[in-house]
Amino acid sequence: MPCRDRRAEEPASMPRARAQRHDHPPPIPPWRTAMSAPDLLIVGGGAAGLSAAIIARELGLSVELLDERPAFGGNYFAGAGNPSAGRLGEGYAQGADLLRKANGPRMHNGAFAWRIEPDGKTYFIDPASKVGRISPRRLLIATGAQERPVPIPGALLPGVMYAGAAQLMLKTFGSIPAGRAVLVGSGPLLLLLAKQLLGQGAALAAMIETTPRAGLLTTARSLPSALKVPALLSEGLSFRSALRKSSMAWHRQASGIFISGRDKAESVTFTDRHGRRHTIMADLILLHDGVIPNDHVARQLKCKETWNPRQHCFNTTVDQWGETSRKGIFAAGDCTGIWGVEAARRSGEIAALEIARQLGFINADERDRRAAEPLRQRARQVAFRPFVETHFPPTLSRAEFAHDDTVICRCETVTAGEIRLAIRQGASGPDQLKSFTRCGMGPCQGRSCAMAVAEILASETGQSIGEIGRHDIRAPLKPLPLGQIATVRDAVEEIVA
């Protein structure tokens, strides 16, 4: 008679009490990284990202946040947690309060997102150089702004840096320039930095301001909207008052800027508003010509964007609540357009409320009630921008006027002349120019040259910058060793596929 084998028919088991004591999750294979699945992932730890995190957690959402810098705060609130930050202005004390409220679990600083899928799945590198994966129900991009690249002769010499970088060093480490420092360019940030450095005892040799004279008619048109935010007007007047009281030379409406030096920057030459040429000796030259959205993440996801002629940059297209053209992908703050820190904070709050509604944490009535004040405050801040855009249009950075020997792509050392030659040889768009010249293939992935390429193409072909657009962005968003990507097998398989 055949023998019945119970081992083949019934799985082995143990008493329930013992089973609970030994109930462990299956081990993760060594090649696979654990993946979390929060309700909301925020990429960017500045004003918009931190504000969104606060609201989302208040409403019960599970939140994770990635920021590539060692500390949160973004550009504006960098160093806000330092005891000395209050000396730079009242706004930094507000930043410290924002950082305190936003502090919580699953806040990853020193971690950057190098690949993001259309469904929001995100791969990032943590401070220990390990790959992590997050698959959120909703994604909020809050990557802020970056300085507008300034392609002028001599800009690549040692001893030349952007004003925003100098301000970050001041906020974070209390560093001030040694020797003769000269500020060159235009924009509110340049005036603010000059006031801050003077207040910290820096010896500034000169301010060479390239801001053109605004016409009376233009001023009259933009002033009524600016008066809705009198605090910002007052702040701007305080910048200029501080500069007038200082011993620093202040040259306005300058043009024809170039920097000279052998092994490092030694002087800056310019034409003043009366047509006279000047040369000022300098140990450090700080450049600035406004800021533009840091929109690489949105571009990698191929979110729709529009050309903003007043801000002279592309804006990621979002609806009233911050949702992009990709369902479930949101963007808030200056990465969607340059509206200022207060507008960024409000945009983060508004986006968090709509995300909570979509995920069922609140209903539409509750969202509308709570969003009424942030929407009103954001509208006031946005209304102020035409005044700023009228008075500080970008001039120093306009690459269509660059000399042929001016370097446009810093990573690959491609000049304006080489780009113009490639256009004459048949390169009719940014991606073709990348193939012809390698412009945009370097480590920065076009952060320093994409706008300049579009401006030169528009000038040479007669098309508008909006029609030309910019070259495609592919992962990784920033350079990283191939061995790190290889630690996540499914990421490698997706890339190869």
Side-chain angles (χ1 to χ4, degrees), residues 25 33-67 72 98-108 111 113 115-124 132-144 297-298 300-304 316-333 335-337 339 343-379 490:
T33 304
M35 179 163 58
S36 59
D39 295 314
L40 172 62
L41 169 63
I42 302 170
V43 178
L50 294 175
S51 298
I54 293 170
I55 296 296
R57 283 208 298 257
E58 284 178 1
L59 296 174
L61 282 73
S62 57
V63 179
E64 293 197 41
L65 187 148
L66 300 175
D67 191 274
F72 299 118
L98 186 69
L99 288 168
R100 179 183 58 79
K101 291 179 179 178
N103 187 35
R106 313 301 293 175
M107 303 279 283
H108 309 278
R115 179 180 177 88
I116 301 179
E117 304 297 335
D119 62 358
K121 182 191 292 183
T122 299
Y123 297 90
F124 68 97
R133 298 186 300 165
I134 303 174
S135 184
R137 298 174 69 189
R138 294 293 185 273
L139 173 70
L140 174 62
I141 304 166
T143 46
V297 172
Q300 192 231 309
L301 289 170
K302 298 192 184 325
C303 296
K304 184 180 178 182
T316 300
T317 305
V318 294
D319 64 13
Q320 175 183 232
W321 305 103
E323 191 163 20
T324 69
S325 57
R326 284 198 176 276
K327 187 172 178 57
I329 306 293
F330 288 73
C335 66
T336 67
W339 313 114
R345 289 181 61 184
R346 300 303 184 180
S347 294
E349 295 170 355
I350 292 163
L353 289 169
E354 169 59 9
I355 290 168
R357 185 206 66 79
Q358 289 188 7
L359 298 182
F361 286 83
I362 57 174
N363 58 32
D365 290 341
E366 177 70 3
R367 177 205 63 186
D368 294 344
R369 183 186 68 78
R370 297 189 58 148
E373 182 61 15
L375 285 167
R376 187 180 71 83
Q377 291 291 345
R378 184 177 68 178
D490 61 345

Quick one: are [X] and [Y] in side-chain contact, heavy atoms under 4.5 Å?
{"X": "F330", "Y": "Q358", "answer": "yes"}
{"X": "P136", "Y": "L40", "answer": "no"}
{"X": "D39", "Y": "S62", "answer": "yes"}

Query raised in the report: Is a side-chain donor or acceptor of S36 paired with a backbone partner of P38 at a separation under 3.5 angstrom?
Result: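 A pair under 3.5 Å: no.
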Query raised in the report: Does the S325 side chain pair with the main chain of C303, one donor and one acceptor, at a distance under 3.5 Å?
Result: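 No, the answer is negative, given that no donor and acceptor are paired below the 3.5 Å cut-off.
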Query - Given I329, T316, I116, T336, the one that forms side-chain contact (heavy atoms from CB on, under 4.5 Å) with I141 - result: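 Among I329, T316, I116, T336, the one meeting side-chain contact (heavy atoms from CB on, under 4.5 Å) with I141 is I329.
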Report task. Kindly determine whether L353 and L59 satisfy side-chain contact (heavy atoms from CB on, under 4.5 Å), including the steps that lead there. Result -> CA-CA 8 Å; L353 289 169; L59 296 174; 3.8 Å; yes
For the residue pair [X] and [Y], what are the closest heavy atoms and their distance?
{"X": "G333", "Y": "S347", "result": "N-CB, 3.8 Å"}
{"X": "G44", "Y": "D67", "result": "C-OD2, 3.6 Å"}
{"X": "G45", "Y": "L65", "result": "CA-CD2, 3.9 Å"}

Would you compute the distance between atom [atom1] of [X] and atom [atom2] of [Y] and round it to the nearest 0.5 angstrom?
{"X": "L66", "Y": "T122", "atom1": "CG", "atom2": "OG1", "result": "7.0 Å"}
{"X": "L301", "Y": "E117", "atom1": "CG", "atom2": "CD", "result": "8.5 Å"}
{"X": "I350", "Y": "I355", "atom1": "CD1", "atom2": "CD1", "result": "12.0 Å"}
{"X": "R115", "Y": "Q300", "atom1": "CZ", "atom2": "CD", "result": "7.0 Å"}
{"X": "R357", "Y": "R367", "atom1": "CZ", "atom2": "CZ", "result": "5.0 Å"}
{"X": "I55", "Y": "E354", "atom1": "CD1", "atom2": "CD", "result": "14.5 Å"}

Query raised in the report: What do the steps show when you test Q320 against L375 for side-chain contact (heavy atoms from CB on, under 4.5 Å), and what is the final call?
Result: CA-CA 9 Å; Q320 175 183 232; L375 285 167; 3.9 Å; yes
Query raised in the report: What pairs meet the salt bridge (Lys or Arg N to Asp or Glu O under 4.0 Å) rule with one or both residues in residues 55-66, with sequence neighbours excluded?
Result: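 Every salt bridge (Lys or Arg N to Asp or Glu O under 4.0 Å) pair that includes a residue of residues 55-66, provided the two are not neighbours, is E58-R370, E64-R106.
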Residues in side-chain contact (heavy atoms from CB on, under 4.5 Å) with [X], at least two apart?
{"X": "S51", "answer": "L98, R345, E349"}
{"X": "A52", "answer": "I42, L140, A352"}
{"X": "D365", "answer": "N363"}
{"X": "E373", "answer": "R376, Q377"}

Query raised in the report: Taking only residues two or more places apart in sequence, or in another chain, which ones meet F361 in a ring-ring contact (aromatic ring centres under 6.0 Å, His included)?
Result: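 In terms of ring-ring contact (aromatic ring centres under 6.0 Å, His included), with neighbours along the sequence ignored, F361 is linked to no residue.
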